[in-house]
There are 2 protein chains.
Amino acid sequence: MIDFTQLDPVIHEKARLSIMTLLTTRSPRAFQDIKSELKLSDGNLITHLRTLTREKYVHETKATAADSARQCTSYEITASGQNAFQTYLKILEAIVRHTKYP
Amino acid sequence: MIDFTQLDPVIHEKARLSIMTLLTTRSPRAFQDIKSELKLSDGNLITHLRTLTREKYVHETKATAADSARQCTSYEITASGQNAFQTYLKILEAIVRHTKYP
DNA sequence: TAAAACACTTTGTAGCGCAAAGTTAATTTT
DNA sequence: AAAATTAACTTTGCGCTACAAAGTGTTTTA
C-alpha cells in the first residue's frame, strides 16, 4: 500500500496546501493577493505563512519604504519547498492511481 | 484556481484518507486488519473509524457469536462514502494537473 | 489634524489527533 | 475449574493547532 506516513504534515493541511499550490504557479505573491485569492482570514493566513516560513518552504520579503509607501510583504516558494511539494504531489498521484487501478 | 473549500475535511486527514483508500480497494475489512496494514494505534484508529461511521462514509458490522467466537468488527465503505471519496479524488487530480500544467 | 483605511500581528479558544490506560470477553494454562 | 493470559476494542486526557476576533502601527483622506 501507499506509505501515508510520508505525507508531509506541513503541506497536508487545506490552507497550506492551497498556499503551496498557488505559490508554485507564480512567486512571489503579496500577502493581500494570497489572502483575497484563497479567501483566508488575516490571522489564519499569517499563521500558515509563518509555519511555511519556519519550515523554510517559503521565503518572506518585506518591502522597504523605498519600494513603496505602504508596507507590503511578499512570499515565494523556496527550492526545498518545491522539493517537498513535489514529493507530496507524487503521493497524491499514487493515491489517485491506486484507487483507479488497485 | 482550485476551490480548496470543497476539500472534504472528513477525508482530508492522513489517517482517514488512508482508511478510505484502503477500504475503497476492498471492503469489508476487520478492525485488526486495518490496524496492522495502516500501522495505526488502537485508540487512533477507532476514533477515525467513529468519525467516518458518524458521517456515514463507512458502515460498521459487529460479528455475532454465531459467526465467530471472538468479537470481530468489520468496516466497509458506503455508497455515499464512495461518492465523497470520488469527489475528493477529483480535487487531488486537479491539484496535480494544475501544478503540472498551470 | 482628526479619522478612516491598510497591512499585518497577537491573543484566545474550541476542537481534534493521538496514545496510554481501561474494560470486557474468550482462550489457555495449571 | 480457577487463574492467568491474550485478544479486541473503548475511554480518557493531554497537547497541539486551525481559525477568527480584537489589537497595533502606519498611511492616506477629509
Side-chain angles (χ1 to χ4, degrees), chain A residues 3-23 28-55 57-76 88, chain B residues 3-23 28-55 57-76 88:
Chain A
D3 185 8
F4 287 90
T5 60
Q6 298 258 329
L7 260 192
D8 191 337
V10 176
I11 300 177
H12 192 69
E13 176 61 47
K14 230 195 266 206
R16 291 196 293 270
L17 174 57
S18 67
I19 295 169
M20 291 296 279
T21 305
L22 182 62
L23 290 184
R29 260 206 169 75
F31 182 93
Q32 293 300 327
D33 292 349
I34 301 173
K35 179 186 150 193
S36 58
E37 199 151 356
L38 300 179
K39 304 247 173 51
L40 294 171
S41 71
D42 293 6
N44 194 13
L45 177 55
I46 204 165
T47 42
H48 286 304
L49 283 172
R50 245 200 297 253
T51 302
L52 290 170
T53 304
R54 174 162 38 79
E55 297 290 329
Y57 284 5
V58 306
H59 179 73
E60 188 186 70
T61 310
K62 285 176 185 287
T64 60
D67 299 331
S68 82
R70 265 190 197 288
Q71 73 178 303
C72 173
T73 315
S74 287
Y75 298 85
E76 65 187 316
Y88 179 84
Chain B
D3 184 9
F4 287 90
T5 59
Q6 298 259 329
L7 259 192
D8 191 337
V10 176
I11 299 177
H12 192 69
E13 176 61 47
K14 232 194 265 204
R16 290 197 293 269
L17 174 57
S18 67
I19 294 170
M20 291 296 279
T21 306
L22 182 62
L23 290 184
R29 260 205 170 74
F31 183 93
Q32 292 302 325
D33 291 349
I34 301 172
K35 179 186 150 192
S36 58
E37 199 151 356
L38 300 178
K39 304 246 172 52
L40 295 170
S41 71
D42 292 6
N44 194 13
L45 177 55
I46 205 166
T47 43
H48 287 303
L49 283 172
R50 244 199 300 252
T51 302
L52 291 170
T53 304
R54 174 164 36 79
E55 297 289 329
Y57 285 5
V58 306
H59 179 73
E60 187 186 71
T61 309
K62 284 177 186 286
T64 61
D67 298 331
S68 83
R70 264 190 199 289
Q71 71 178 303
C72 172
T73 315
S74 287
Y75 297 86
E76 65 186 317
Y88 179 85

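Lettering follows sequence order; numbering is per chain, from 1. Because only heavy atoms are used, hydrogens play no part in the values below, and waters and symmetry mates are left out as well, while side chains stay in. Because the structure is a prediction, the values reported are computed rather than measured.
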What nucleotide, of C/dT9, C/dC18, D/dC9, holds the atom closest to the side chain of B/S41? C/dC18
Report the distance from atom CG of A/L38 to atom C1' of D/dA18, rounded to the nearest whole Å. 15 Å
Indicate whether OP1 or OP2 belonging to C/dT10 is found under 4.0 Å from a side-chain N or O atom of A/R50. yes
Whole-Å distance, B/R54 CZ to C/dG17 P, equals 9 Å
Whole-Å distance separating the CD atom of B/Q71 from the C1' atom of D/dT10: 10 Å
When the distance from CG of B/N44 to P of C/dG17 is rounded to whole Å, what number comes out? 8 Å
Considering heavy-atom distances to DNA chain D, does B/T47 or B/A30 have its closest nucleotide positioned more toward the 5' end? B/A30
Between A/Y57 and A/D8: side-chain donor-acceptor atoms closer than 3.5 Å: yes
Tell me yes or no: between the side chains of B/N44 and B/H48, is some donor less than 3.5 Å from an acceptor? yes
Measure the OG1-CZ distance between B/T21 and B/R16 for me, rounded to the nearest 0.5 Å. 12.5 Å
Ignoring the backbone of A/I46, work out which of D/dT10, C/dG17, C/dC8 is nearest its side chain. C/dC8
Below 4.0 Å: OP1/OP2 of D/dC9 and any side-chain N or O of B/T73: yes
Looking only at side-chain atoms of A/H48, point me to the closest of C/dC8, D/dC9, D/dA18. D/dA18
Out of D/dC19, C/dG17, D/dC9, whichever nucleotide has its closest atom nearest the side chain of B/D42: D/dC9
Kindly point out which of D/dA8, C/dG17, D/dC9 is positioned nearest to the side chain of B/R70? D/dA8
Check: A/K14 side chain, B/L7 main-chain N or O, donor-acceptor pair, under 3.5 Å: yes
Between D/dA20 (P) and A/K14 (NZ): distance, integer Å: 11 Å
With a 4.0 Å cut-off on N to O distance, would you call B/E60 and B/R50 a salt bridge? no
Selection from D/dC19, D/dT10, D/dA8 that lies nearest to any side-chain heavy atom of B/Q32: D/dA8
Ignoring the backbone of A/K62, work out which of D/dA8, C/dG17, C/dC8 is nearest its side chain. C/dC8
d(CG, B/L49; C1', D/dT10) in whole Å: 13 Å
Give the rounded distance in Å between these two atoms: CG of A/D33 and C1' of C/dC8. 14 Å
Between C/dG17 atom P and A/E13 atom CD, what is the distance in whole Å? 10 Å
